[in-house]
Amino acid sequence: MRPSQTFDPELHESGSEAAQGRCSHHGSSAAGECAGEAVVSFQDDDGRWQSGCRLALEDLVERGEIEPLGQGA
């Protein structure tokens, strides 16, 4: 389980969806762009910072992929 923290745009690559406050976890898909605002920052399996909306946060925590906010070091 990877740690998570409150969304911080400075952790993300300049110009990325995440740096712009959008959900990079859902990103753009066939269903359209995620309309959720980023609330969490976390590192993916490759060590890159990703962002997630509230729904992504709930889903990732439920699946045991990231810690709930406030549980990290």
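As the structure is a computational prediction, the values presented were derived from the model and not from experiment.
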Distance, nearest 0.5 Å, that separates OG of Ser4 from CD of Gln50: 13.5 Å

Heavy atoms of other groups near Glu37 CD, more than 12 under 6.0 Å: no

Looking only at atom types and distance, does a side-chain atom of Ser41 sit under 3.5 Å from a main-chain N or O of Asp8, one as donor and one as acceptor? yes

Which atom of Ala19 lies closest to which atom of Gly15, heavy atoms considered: CB-N, 4.1 Å

Who passes side-chain contact (heavy atoms from CB on, under 4.5 Å) against Asp46, sequence neighbours left out? Asp44, Arg48

How is the hydrophobic cluster of Leu11 composed, in terms of its other members, when Ile, Leu, Val, Met, Phe, Trp and Tyr link through side-chain heavy atoms under 4.5 Å apart, directly or indirectly? Trp49

Compare all side-chain heavy atoms of Ile66 with those of Phe42 and state whether any distance is below 4.5 angstrom. yes

Can you tell me if Arg2 uses its side chain to pair, donor with acceptor, with the backbone of Gln43 under 3.5 Å? yes

Residues 52-61 side chain polar contacts: donor-acceptor under 3.5 Å, at least two apart:
| residue | atom | partner | partner atom | Å |
| --- | --- | --- | --- | --- |
| Asp59 | OD2 | Arg63 | NH1 | 2.7 |

Over all atoms of both residues, closest heavy-atom pair of Leu69 and Val39: CD1-O, 4.0 Å

Measure from the side-chain N and O atoms of Ser24 to the backbone N and O of Ser51, and report whether any donor-acceptor pair falls under 3.5 Å. yes

